[in-house]
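First up is the structure itself, then whatever we jot down about it.
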Protein chains: 2
Amino acid sequence: MTDIVRKDVMQRLESGDYSCAKQFTLAMISGKWKMIILWHLNHDGAYRFNDFRRLMPTVTHKVLASQLRELAEDQLVKRTEVQAKPLKVEYEITPLGTSLVPIIDMMCDWGEKRIDQLKVTTHFSLDENVAQQMNEQAAEKTA
Amino acid sequence: MTDIVRKDVMQRLESGDYSCAKQFTLAMISGKWKMIILWHLNHDGAYRFNDFRRLMPTVTHKVLASQLRELAEDQLVKRTEVQAKPLKVEYEITPLGTSLVPIIDMMCDWGEKRIDQLKVTTHFSLDENVAQQMNEQAAEKTA
DNA sequence: CGGCATCCCATAAGATACTG
DNA sequence: CAGTATCTTATGGGATGCCG
């Protein structure tokens, strides 16, 4: 089968582990860095391994490799070995990967708006530490 | 505090654990049953605890409870105690939850098409036309 | 340069039993 | 009915080191 998909994904499909198609889609993008990788590939064009590391400084060597491998196995990203001397590999987004971008964009929008909302309402509320700090500061002032 | 959000989510937000907004959105829906719960609440109206269990026979009692609790804490779902005698609780989707539905629908569509592709093309190669169709359809939707 | 192998830990989720 | 409590397992991800 030329259209390889990660075996565990295929197994889950066949064993009915995904009770609906949305979960399958979720599985495609739910690695910690996958959406970011896809987004940048779509936005900037080809990347190489260490380009990603510069882009996402906190990602581990190993984890980055696994995310890229899974994306490639799921056909969302194409991996190409360019040289053999100091081994050089390029990653590009595939048409299939591109077809996922609108979803990612929507998630981006939704997240931004929601975070803004939270920032606004958070002041009054959430952070107990902040409230506590304010109390302490008030106490200092009166002291 | 009027707008509660799960503490770990807020902590991650504040500690910069989400390197972008899409990951925050992903966190909202990436419980194993959350999208399904949201989808059905949006589609069918209010549900009660054991309604969900009938709907998703394989979900564990405990896991269902935790998914619902998180959804409620994230303000995507509203929990209402209706009775106190044999305790009766209703779950409804909130406007915020509804705002997430278009994303879930897109994921649903994408997944269905991709699964069909895989069934059909498992022996052939990836059909770019199909991916292209998906792009066009996605474009139409956003238009 | 671009990996893989190994070990370790945190968290998600399943099984089971108990409760207001 | 609608949960909580406890225990256990599976998985994702981080840290580190070796390799072609």
Side-chain angles (χ1 to χ4, degrees), chain A residues 6-9 11-12 15-19 23 26-37 41 46-74 77-92, chain B residues 6-9 11-12 15-19 23 26-37 41 46-74 77-92:
Chain A
R6 270 178 298 147
K7 280 174 196 155
D8 61 280
V9 170
Q11 280 172 8
R12 287 185 193 174
S15 66
D17 193 353
Y18 300 122
S19 44
Q23 294 178 303
L26 187 63
M28 296 292 104
I29 60 175
S30 59
K32 183 163 178 182
W33 307 94
K34 288 188 180 178
M35 289 194 306
I36 303 178
I37 293 170
L41 284 179
Y47 269 77
R48 286 175 47 203
F49 193 86
N50 284 324
D51 295 336
F52 284 119
R53 301 200 67 193
R54 278 182 281 279
L55 191 68
M56 316 174 294
T58 63
V59 71
T60 310
H61 204 111
K62 170 205 149 183
V63 171
L64 176 56
S66 74
Q67 303 277 295
L68 287 170
R69 185 176 358 96
E70 289 186 2
L71 285 170
E73 285 171 355
D74 291 338
V77 155
K78 193 177 78 177
R79 180 183 182 277
T80 315
E81 304 196 357
V82 179
Q83 278 183 30
K85 250 319 195 31
L87 189 49
K88 190 172 157 183
V89 180
E90 268 191 8
Y91 293 92
E92 300 164 274
Chain B
R6 269 177 298 149
K7 278 174 196 156
D8 61 281
V9 170
Q11 280 172 7
R12 287 183 192 177
S15 65
D17 192 352
Y18 300 121
S19 43
Q23 294 178 302
L26 187 62
M28 295 291 106
I29 59 175
S30 59
K32 184 163 178 182
W33 306 95
K34 288 186 181 178
M35 288 195 305
I36 302 179
I37 291 170
L41 285 178
Y47 269 75
R48 287 173 47 202
F49 193 85
N50 284 325
D51 295 336
F52 284 119
R53 302 200 67 198
R54 277 182 281 280
L55 192 66
M56 317 175 293
T58 64
V59 71
T60 309
H61 207 113
K62 171 205 149 187
V63 172
L64 176 58
S66 74
Q67 301 279 293
L68 287 169
R69 184 171 2 93
E70 288 186 3
L71 285 169
E73 285 171 357
D74 291 337
V77 154
K78 194 177 79 177
R79 179 183 183 279
T80 317
E81 303 197 356
V82 180
Q83 278 182 33
K85 247 326 193 31
L87 190 46
K88 190 171 157 181
V89 180
E90 267 191 7
Y91 292 93
E92 299 164 275

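Letters A, B, ... are given to chains in the order of the sequence lines, protein chains preceding strands, and every chain is numbered from 1. Note that this is a predicted model, so its numbers are computed, not measured.
Taking side-chain N and O atoms only, B:Arg48 has no distance below 4.0 Å to OP1 or OP2 of D:dC1. Residue B:Tyr91 has a polar side-chain atom (N or O) positioned under 4.0 Å from OP1 or OP2 of D:dG3.
Distance, B:Phe52 CZ to D:dA2 P: 11 Å, rounded to whole Å. Summarising the geometry, the separation between CG on B:Asp51 and C1' on D:dA2 is reported as 12 Å, rounded to the nearest angstrom. Distance CZ (B:Arg69) to C1' (C:dA13): 13 Å, rounded to an integer number of Å. The distance between atom CD of B:Gln83 and atom P of D:dA2, rounded to the nearest whole Å, is 9 Å. The separation between A:Lys88 atom NZ and C:dG3 atom C1' is 17 Å, rounded to whole Å. At whole-Å resolution of the value, NE2 in B:His61 and C1' in C:dA13 are 15 Å apart. Rounded to an integer number of Å, the gap from B:Ile36 CD1 to C:dA13 P is 12 Å. The distance from atom OH of B:Tyr18 to atom P of D:dG13 is 13 Å, rounded to the nearest whole Å.
For the pair A:Val9 and A:Glu70, the minimum side-chain heavy-atom distance is 4.5 Å or more. Within the 4.5 Å cutoff, no side-chain heavy atoms of A:Phe52 are placed close to those of A:Trp33. Counting only heavy atoms from C-beta outward, the side chains of A:Arg79 and A:Leu68 never approach each other to under 4.5 Å. A heavy-atom distance below 4.5 Å is not found between the side chains of A:Val63 and A:Lys32.
Among the nucleotides C:dC4, D:dG13, D:dA2, the one closest to the side chain of A:Lys32 is D:dG13. Distances were taken from every side-chain heavy atom of A:Ala65 (C-beta onward) to each of C:dG3, D:dT4, D:dG3; the shortest belongs to C:dG3. Closest to the side chain of B:Val63, from the set D:dA2, C:dG2, C:dA13, is C:dA13. Side chain of A:Leu87, nearest nucleotide from D:dT4, C:dG2, C:dC4: C:dG2. Counting only heavy atoms from C-beta on, A:Phe49 has its side chain closest to C:dG2 among C:dG2, D:dA2, C:dG14.
Residue B:Arg79 is in sugar-phosphate contact alone, with no base atom involved, counting any heavy-atom pair closer than 4.0 Å across all strands shown. Using a 4.0 Å heavy-atom criterion, one finds that A:Gln67 contacts the sugar-phosphate atoms exclusively.
Between B:Leu68 and A:Glu70, the one whose closest nucleotide on DNA chain D sits nearer the 5' end is B:Leu68.
To the nearest 0.5 Å, atoms NZ (A:Lys78) and CD (A:Glu92) are separated by 4.5 Å.
With hydrogens and angles left out, the side chain of A:Lys62 and the base of D:dG14 share a donor-acceptor pair within 3.5 Å.
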